[in-house]
Amino acid sequence: YLNQIQAKPKMKKIYWNFLKSILGIMLLVILFNKLGFLNIYKILIDTSITHIFLAVLISILSILLGAFNLKILLHFIKAKISFSDLLKVYSLSWSIGLFLPGRIGDFSIIPLLEKKGLDFGKGAAISFLDKLITFVILSILTIFAVFIYLPIEQAWVILIVIAFITFLAILFLVFKKGRKFIMGFFPKSLIEKFSGFSYILFDFLKYGKTYIFLNFLITIFKQVILALIIYAFLASFNIYLSFIEVLLIISAITIITLIPISVSGLGIKESAAVFLFGLAGLDKIIVAAIFTLLLITRYVIGSFLIYSIKL
């Protein structure tokens with residue numbers, strides 16, 4: 001009977017994730033129907049080896065640079081995890097994230113790091129700090145993007161939302177009452193596992209500023225590299241947009257996919273790309289085809305990694 005009670009929340013979670021998967025697929029269907037399934041299909045059929053290489057390169061570099069970023073932070077706390085092991089853990093977490101709402105799956109790296117001997121609380125602190133740095137950088141770039149492409153009223157609304165989320169993150173990070181309030185939403189058994197979380201964060205703020213700065217630089221480098229690849233993608237279709245504009249739009253798309261209303265931003269990312277690049281005057285059908293190819297490539301690589309990686 002107790003097992004049945006415990007199983008109910010799990011079943012609800014499965015149903016909820018299933019509904020989000022359906023929502024993501026519906027968003028894609030609506031997008032393809034609006035632009036024309038046949039139009040997108042024709043472009044995908046004519047995909048060259050170069051396009052496939054660029055699509056694979058985006059996923060590989062995202063994983064490599066993401067793992068390197070974590071390695072920098074883990075070095076500060078003297079965690080004895082080799083880069084090869086960390087790369088396996090990060091690759092598996094990245095792959096799992098493709099099948100969970102928003103970017104929630106990214107935090108699956110915490111229990112995976114625990115399997116490699118890192119305390120749950122320390123792993124949570126490292127993951128949270130890494131995600132916070134990424135969010136701050138993407139937010140800054142996104143703010144520039146929305147003020148360039150959106151009406152001023154909508155841009156201010158987005159700015160307020162980003163500022164509010166950042167405020168909550170800082171509240172959680174700095175103030176004890178803020179952390180207690182947020183922890184109130186979690187069961188006690190889970191809160192106990194976060195032992196050392198606050199200590200690690202404050203240790204970084206006091207003595208680990210160099211490591212935070214290095215993470216900051218690598219995160220910017222990662223966004224620049226991804227934007228360069230998208231720039232090359234567009235150029236291969238004889239579509240030219242300034243690199244800065246591509247960088248700003250890609251950052252805004254990434255922020256939008258953080259909204260946990262579909263599995264890993266499925267459908268949201270592609271729709272946001274079509275909308276934002278459309279505002280910049282690009283061919284929406286070609287943009288949709290490019291991001292569909294990136295979507296297919298991500299899931300092929302992610303599925304392969306989940307099947308092949310053994311921790």
For this session: Please confirm whether the backbone N or O of Ala124 pairs with a side-chain atom of Ser127, one donor and one acceptor, at under 3.5 Å?
Result: no
For this session: Applying side chain to side chain contact (heavy atoms under 4.5 Å, CB included), run through Leu247 and Tyr231 and close with a yes or a no.
Result: CA-CA 9 Å; Leu247 176 62; Tyr231 181 86; over 6 Å; no
Exercise. So do the side chains of Ile301 and Trp94 get within less than 4.5 Å of each other, counting heavy atoms only?
Worked result: yes
Exercise. Same cluster for Val274 and Ile30 if Ile/Leu/Val/Met/Phe/Trp/Tyr side chains link at under 4.5 Å?
Worked result: no
For this session: In sequence, state the C-alpha distance, the side-chain angles, and the governing distance for Ile109 and Val89, and then conclude on side chain to side chain contact (heavy atoms under 4.5 Å, CB included).
Result: CA-CA 7 Å; Ile109 199 168; Val89 166; 3.5 Å; yes
Problem set entry | Within-4.5 Å side-chain heavy-atom neighbours: Leu266 and Leu27 | no
For this session: Output the rest of the hydrophobic cluster of Ile49: all Ile, Leu, Val, Met, Phe, Trp and Tyr residues reachable through side-chain heavy-atom contacts under 4.5 Å, sorted by chain and number.
Result: none
Problem set entry | Sub-6.0 Å ring centroid separation between Tyr41 and Phe32 | no
Seminar exercise, completed: Shortest non-hydrogen pair, His51 vs Ser236, comes out as NE2-OG, 2.8 Å
Problem set entry | Taking every non-hydrogen atom, the tightest pair across Phe76 and Gly208 | CE1-CA, 3.6 Å
For this session: Report yes if the distance between the aromatic ring centroids of Phe204 and Tyr211 is under 6.0 Å, otherwise no.
Result: no
For this session: Using side chain to side chain contact (heavy atoms under 4.5 Å, CB included) as the criterion, point out the one residue from Leu295, Leu293, Leu294 that pairs with Thr297.
Result: Leu293
For this session: Look at the side-chain heavy atoms of Ile, Leu, Val, Met, Phe, Trp and Tyr, link any pair under 4.5 Å apart, and say whether Phe53 and Ile45 land in one connected group.
Result: no
Exercise. OH/Tyr90 to NZ/Lys71 distance, rounded to the nearest 0.5 angstrom?
Worked result: 15.0 Å
Exercise. Do Tyr307 and Leu98 belong together in a cluster built from hydrophobic side chains that touch within less than 4.5 Å?
Worked result: no
Exercise. Rounded to the nearest 0.5 Å, what separation is found between the CG atom of Asn69 and the CD1 atom of Ile126?
Worked result: 11.0 Å
Exercise. Where the side chain of Tyr149 meets the backbone of Leu276, is there a donor-acceptor pair that is under 3.5 Å apart?
Worked result: no
Exercise. So do the side chains of Leu73 and Ile77 get within less than 4.5 Å of each other, counting heavy atoms only?
Worked result: no
Exercise. Among Val157, Thr142, Ile140, whose side chain to side chain contact (heavy atoms under 4.5 Å, CB included) with Ile162 holds?
Worked result: Thr142
Exercise. Rounded to the nearest 0.5 Å, how far does CG of Leu38 lie from CD1 of Ile43?
Worked result: 10.5 Å
For this session: Determine whether Phe68 and Leu64 make a side-chain contact, defined as any pair of heavy atoms from C-beta on separated by less than 4.5 Å.
Result: no
For this session: State plainly whether one hydrophobic cluster holds both Phe221 and Leu214, where clusters connect Ile, Leu, Val, Met, Phe, Trp and Tyr through side-chain heavy atoms under 4.5 angstrom apart.
Result: yes
Exercise. What distance separates His75 NE2 from Thr210 OG1, expressed to the nearest 0.5 Å?
Worked result: 11.0 Å
Problem set entry | Ser93 and Ser108: side chain donor to acceptor below 3.5 Å | yes
Exercise. Under 3.5 Å, side chain of Lys122 to main-chain N/O of Leu74, donor-acceptor pair present?
Worked result: no
Exercise. Side-chain heavy atoms under 4.5 angstrom apart, residues restricted to Ile, Leu, Val, Met, Phe, Trp, Tyr: same cluster for Phe147 and Ile244?
Worked result: yes
Exercise. Do side-chain atoms of Glu270 reach the backbone of Gly267 as a donor and acceptor pair under 3.5 angstrom?
Worked result: yes
For this session: Any chance you could measure Asn215, atom CG, to Ile137, atom CD1, to the nearest 0.5 Å?
Result: 7.0 Å
Exercise. Side chain of Thr257, backbone of Thr254: donor and acceptor closer than 3.5 Å?
Worked result: yes
For this session: May I ask you to list the residues sharing a hydrophobic cluster with Val300, side-chain cutoff 4.5 Å, ordered by chain and number?
Result: Ile296
For this session: Assign the ring pair Phe291 / Phe277 to parallel, tilted or perpendicular, where the plane angle (0 to 90°) is split at 30° and 60°.
Result: tilted
Exercise. Taking all atoms of both residues into account, what is the closest heavy-atom pair of Arg298 and Ser59, and its distance?
Worked result: CG-OG, 3.7 Å
